[in-house]
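Numbers restart at 1 for each chain; the letters A, B, ... are given by sequence-line order, proteins then strands.
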There are 2 protein chains.
Amino acid sequence: MAESADKGTKKARDRTGWQAQKSAMTRDTILDAALDCFITIGYASTTTAKIADKAKVSRGAMLHHFPSKTELIQAAVEYLHGKLLYLYAKCIDEAIDDEEAHSLPVDERNRRGLQGYWNYLSSDLFTAYHELCVAGRTDPELQYILEDSIARFDENVAQSSKRLFPEWAKRGELYELAMDISQFLMQGMAVSQIVSQKDARVSRMIDYLSDRLEEIFHAGDQDAAIHRHSSRK
Amino acid sequence: MAESADKGTKKARDRTGWQAQKSAMTRDTILDAALDCFITIGYASTTTAKIADKAKVSRGAMLHHFPSKTELIQAAVEYLHGKLLYLYAKCIDEAIDDEEAHSLPVDERNRRGLQGYWNYLSSDLFTAYHELCVAGRTDPELQYILEDSIARFDENVAQSSKRLFPEWAKRGELYELAMDISQFLMQGMAVSQIVSQKDARVSRMIDYLSDRLEEIFHAGDQDAAIHRHSSRK
DNA sequence: AAAAAAACAAGCAAGGCTGATTGTAATTTG
DNA sequence: CAAATTACAATCAGCCTTGCTTGTTTTTTT
């Protein structure tokens, strides 16, 4: 009871203290170094020593901030999660400028959204994220750490899309189909790109997908797209 | 000069010898164990010792067959390459029975081909292969080993498709578009499936893709699909 | 100003992985 | 049958990675 009051004052010190800021700064330096390692040498060969080297802090210092490798990875994933959300928003916003968004025809807004999404998927951060997901398949601990992040990210992307294309969100099942096809196809392209460069085909594919999305929603009015295929066996 | 004749006789012995067969058998046992490790514990944490354990041979025996880890991995990739080719052919053949292939309508053959391709992409072997490709990004040695395998496999799949759908192959650019969209989309689905289970959406997506492929080739006659989108900026 | 706590540095011990060495049994060749 | 070769087994040394422990400097509290 009396202790809680004491802790209250201590907590206040923590926030106002100057070394707390310094601490937070080196913390971010370490996390940035961790992401840099994921990108440059891959998750598998990222060791705590290499992260410390890249961050230019001693291993002891790092161990002070992150007592175990697991906690460091967990924090790095959380950090990456935040950066990905920001990058996604930035890519979409740069592709679709809000000012002129409403003056653009739907299909053009569509196309720009896809291009923004593609820019996001082509980033180093997404590459690292994908690699983490793959590694998580056989690493239960990492998988547990990622699960939460994946779910939250998907949710956020869905929200973002609804905000950008309000007229789509009302389409229900049709909207889900459009989202699925866009995500699956674009991610397939991104992964193929990671494995072996195929730039030439990517641009054509974005054009094609853009046309199909437009078609889905136009044809949806005439009840021709989704019911046609869902009526098959 | 005289030595070459001697070596000729020795080479003959190698093939006829009984222990040569035994040797080849344990070789395959080791390679199977390697692939099993890739699948169950992942490439990153696959060690030579674990492979030897799973193959139930001593580390010394394995070192006899594969002097270094690199050579073992190289052989395992080659082995996997062969198994993938076989599995691909098997999945397609099971989906499209050659007997009735010509009696089926084009779109039904289409759909079955996609389902077969999906079965292939859902296999453990493909999962392991994809993981190897991802690991190769930051492992130059592995990347070099894979490059050759990837190119040969793509070539083989292209050949196989042309054989199964001879009427498509004549379409030129349209055929490439259809191949790209099928591969990108299906692989995107497979990768998403690896990361987090999304069965429900997969079946719907195959239906949709099947319809689009049919459309591409029907519309191609009327010059409406590819020129429409490639004429955009 | 003294005490307490935090930030940071450096070295140590245990375990895992790779490659090399040495040894043994079976088989083929001459 | 003897020699050489092959298949296989087991152990050892060196390196890397992780986490723990001890020590030093700086800052905050009282």
**Student:** Salt-bridged, A/Lys83 to A/Asp32, with N to O below 4.0 Å?
**Tutor:**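 Salt bridge flag = yes for A/Asp32 with A/Lys83.
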**Student:** Does either side chain, that of A/Gln183 or that of B/Ser192, offer a donor lying less than 3.5 Å from an acceptor on the other one?
**Tutor:**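 A/Gln183 vs B/Ser192: no donor-acceptor pair found between side chains.
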**Student:** Measuring to OP1 and OP2 of C/dC8, would you say a side-chain N or O of A/His65 lies under 4.0 angstrom away?
**Tutor:**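 True: A/His65 side-chain N/O within range (under 4.0 Å) of C/dC8 OP1/OP2.
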**Student:** Check the distance between C/dG16's C1' and B/Ile41's CD1 and give it to me in whole angstrom.
**Tutor:**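 In whole Å, C/dG16 C1' and B/Ile41 CD1 are 13 Å from each other.
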**Student:** Under a 3.5 Å cutoff, is there a donor and acceptor pairing between the side chains of B/Tyr208 and A/Asp180?
**Tutor:**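 Per modelled atom types, B/Tyr208 and A/Asp180 side chains form no pair under 3.5 Å.
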**Student:** Please list each protein N or O that sits under 3.5 Å from an N or O in nucleotides 18-20 of chain C, with the distance.
**Tutor:**
| residue | atom | partner | partner atom | Å |
| --- | --- | --- | --- | --- |
| C/dT18 | OP1 | B/Lys69 | NZ | 2.7 |
| C/dT18 | OP2 | B/Thr48 | N | 3.0 |
| C/dT18 | OP2 | B/Thr48 | OG1 | 2.8 |
| C/dG19 | OP2 | B/Lys69 | N | 3.1 |
| C/dG19 | N7 | B/Arg59 | NH2 | 2.7 |
| C/dG19 | O6 | B/Arg59 | NH2 | 3.1 |

**Student:** Please give, in whole Å, the distance from D/dA9 C1' to B/Met62 CE?
**Tutor:**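 Between C1' of D/dA9 and CE of B/Met62: 13 Å.
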**Student:** Does a side-chain N or O from A/His64 land closer than 4.0 Å to OP1 or OP2 of C/dA7, or not?
**Tutor:**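 Checking A/His64 against C/dA7: at least one side-chain N or O falls below 4.0 Å of OP1 or OP2.
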**Student:** Can you measure B/Ile30 atom CD1 to D/dA9 atom P for me and round it to whole angstrom units?
**Tutor:**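 One finds 10 Å between P of D/dA9 and CD1 of B/Ile30, rounded.
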**Student:** For the residue pair B/Phe126 and B/His130, categorise the inter-ring angle as parallel (less than 30°), tilted (30 to 60°) or perpendicular (more than 60°).
**Tutor:**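 Because their plane-to-plane angle is under 30°, the rings of B/Phe126 and B/His130 count as parallel.
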**Student:** What is the distance, rounded to the nearest whole Å, between atom CD1 of A/Ile51 and atom C1' of D/dG19?
**Tutor:**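 After rounding, the gap between these two atoms is 15 Å.
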**Student:** Does A/Glu71 CD have over 12 foreign heavy atoms under 6.0 Å away?
**Tutor:**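 Yes, the 6.0 Å shell around CD holds more than 12 heavy atoms from other groups.
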**Student:** Whole Å only: how far is the CG atom of A/Asp53 from the C1' atom of C/dA9?
**Tutor:**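 It works out to 14 Å between those atoms.
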**Student:** Grab the CD1-P distance between B/Ile73 and C/dC17 for me, whole Å please.
**Tutor:**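 These atoms are roughly 13 Å apart.
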**Student:** Take atom CZ of A/Phe66 and atom P of D/dT18, then tell me their distance rounded to the nearest Å.
**Tutor:**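 The answer, rounded to whole Å, is 15 Å.
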**Student:** Show me the donor-acceptor pairs within less than 3.5 Å that the side chains of residues 153-161 of chain B make with the rest of the protein, sequence neighbours left out.
**Tutor:**
| residue | atom | partner | partner atom | Å |
| --- | --- | --- | --- | --- |
| B/Glu155 | OE2 | B/Gln159 | NE2 | 3.1 |
| B/Ser161 | OG | B/Val157 | O | 3.0 |

**Student:** To the nearest angstrom, how far is B/Lys56 atom NZ from D/dA10 atom C1'?
**Tutor:**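 Atom-to-atom, B/Lys56 to D/dA10, this comes out as 20 Å.
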